[in-house]
Structure formats: structure tokens, C-alpha cells
Amino acid sequence: MKNIFIEGAIPPSFIADSIAKHQSKHTIGGHNIFLGQVRADVIDHKTVAAIDFTAYEDMALEQIADIREKAFKTFNLTCMHIYHSLGTVKAGELCFFVFVSAKHSKDVYAATEYLVNIIKKKVPIFGKEIFEDNSHQWKTNIT
Amino acid sequence: MITIKYFGMLAEHTQCNEEQLDFKAVKLSELLEDLNIKYKFNPDSFHVALNRKLVQDSEDITLQLQDEIALLPPFAGG
């Protein structure tokens, strides 16, 4: 099963390399990218410094495999790449990278929105928001 | 053996990521009740996965040898 997890923040250079790798695929007409970034939210006067991500990795990878299969069937995609961080990602750093490619733009817009929403909802990834004073709270996605 | 995995705030609460129990042919709902008593969970605060699939109704499920149960707090990916 394809691994999606990257230890720590996703480097912008990794994203640039992913784009470059597609230049040999001449049926692609458009790419769309979603990047999730850690916010320095202020909660009860305390600022989030980082999120520590953990996951039920085996289940997450099974879910992602199902989601990929469904997305390839639903949208006319050429390529799909999904990455998510594990471990500590500081505010301002990237933790989630969805990259889809197709012949036509309408497919990549629709697929990106579908993938981002379903991954937030269905993939067992957990986030501990670490405040600047080292206290923490558990993050919950708004669904 | 039955494996029970805890994640996120639940692992913090139980102070372990995983525990193994001797296999007994019980309903999943009974096992969850035992865990609620042991750890004083709020049963509304998590989902349950059996062998990496989310469970909708634990009443109808009788555990099998080598089942893997996971207690999953709200997801926060993205």
C-alpha cells in the first residue's frame, strides 16, 4: 500500500520536485494543489506554536487506498499524490499536500475539493496543538 | 489475543498506546463497557474501529480471535 506519511513538515522543495516530475507526462493539461498549513491560532490567550500529528497508520493507509480508487473512478485524473505529516509541524509549516493532475481543469478543481474534505473526515489522523508555553489541547476538525 | 489500540487524547488518558487481552468470545459492546468502567471514558467522545473499519453498531459484533479494536478520538488531519 502506498505510504502518504512524511516525518515532520513537508518542505516546499518537495512540492517543487513533485511538480517538476510531471513534465514528462504529456497528456496532462492542468494540475491543482492544496497545501494545508499550521495556523498560530490564539485560544484562551495562548498561541499555538506547533501541531504534533499521530495516526492510526494501517487504517489511514487503507482509507486512503479506497479514497484514491473512488477518486480515480469519479474524476478523469491522470495523477494523484497525497502526503500528510506525522510528528511536530511548527506554525507556518506545511502538513498536508494534495496534488492532482488531469487533461482538463474542471476535473482537478472538483477532485481536489473532494479529496481534501474526505481525508479530513475519514482518515484517522490526530493533532495535538502545542502552545508556546508547552501546554496542549487536542484538535478536532470541524465537519 | 485481542489487541486494543488507543490514539490521541485517549492514549493520553489511558497512558498506553495498546494493550492485549485474552481472547473471550464476547460482544464488542461488552468489551467497550468494560473499558468504559476501567478508564471512565466518555463513550460519546470516540469512534470504534474493528480490524481497521469503523463500527456503526457494536451490539451485533461478537469478537473473534486476533481482532484489532481501535478507539479513535475526533480526526484532525489536514
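To find a chain, count down the sequence lines: A is the first, B the second, and so on, and within it residues start at 1.
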Between [X] and chain B, which part of the residue has a heavy atom less than 4.5 Å away: side chain, backbone, both or neither?
X	answer
A/V116	neither
A/F96	side chain
A/A55	backbone

With a 4.5 Å cut-off on heavy-atom pairs, point out which of B/G78, B/P74, B/A49 contacts chain A the most.
B/G78
Among B/L72, B/N17, B/L54, single out the residue with the greatest number of heavy-atom pairs under 4.5 Å to chain A.
B/L72
What closest approach, in Å, do [X] and [Y] show between heavy atoms, and which atom pair accounts for it?
X	Y	result
B/R52	A/M59	O-CG, 3.4 Å
A/K120	B/F75	O-CB, 3.8 Å
B/A76	A/K139	CB-O, 3.4 Å

Using a 3.5 Å distance criterion without hydrogens, assess whether the side chain of A/H84 forms a donor-acceptor pair with backbone atoms of B/G77.
no
Any chance you could measure A/T54, atom OG1, to B/E12, atom CD, to the nearest 0.5 Å?
10.5 Å
Within a 6.0 Å radius of atom [atom1] on [X], are there more than 12 heavy atoms belonging to other residues, nucleotides or ligands?
X	atom1	value
B/Q20	CD	yes
A/K122	NZ	no
A/E113	CD	no
A/D44	CG	no

Shared hydrophobic cluster for [X] and [Y] (ILVMFWY, side-chain gaps under 4.5 Å):
X	Y	result
B/V26	B/Y39	yes
B/I37	B/L21	no
A/I125	A/L94	no
A/M1	A/Y83	no
A/F75	A/Y109	no

pair [X]-[Y]: side-chain heavy atoms closer than 4.5 Å:
X	Y	value
B/K5	A/Y56	yes
B/P73	A/W138	no
A/K128	B/M9	no

Top contributor to chain B contacts, counting heavy-atom pairs under 4.5 Å, from A/D58, A/V98, A/V38
A/D58
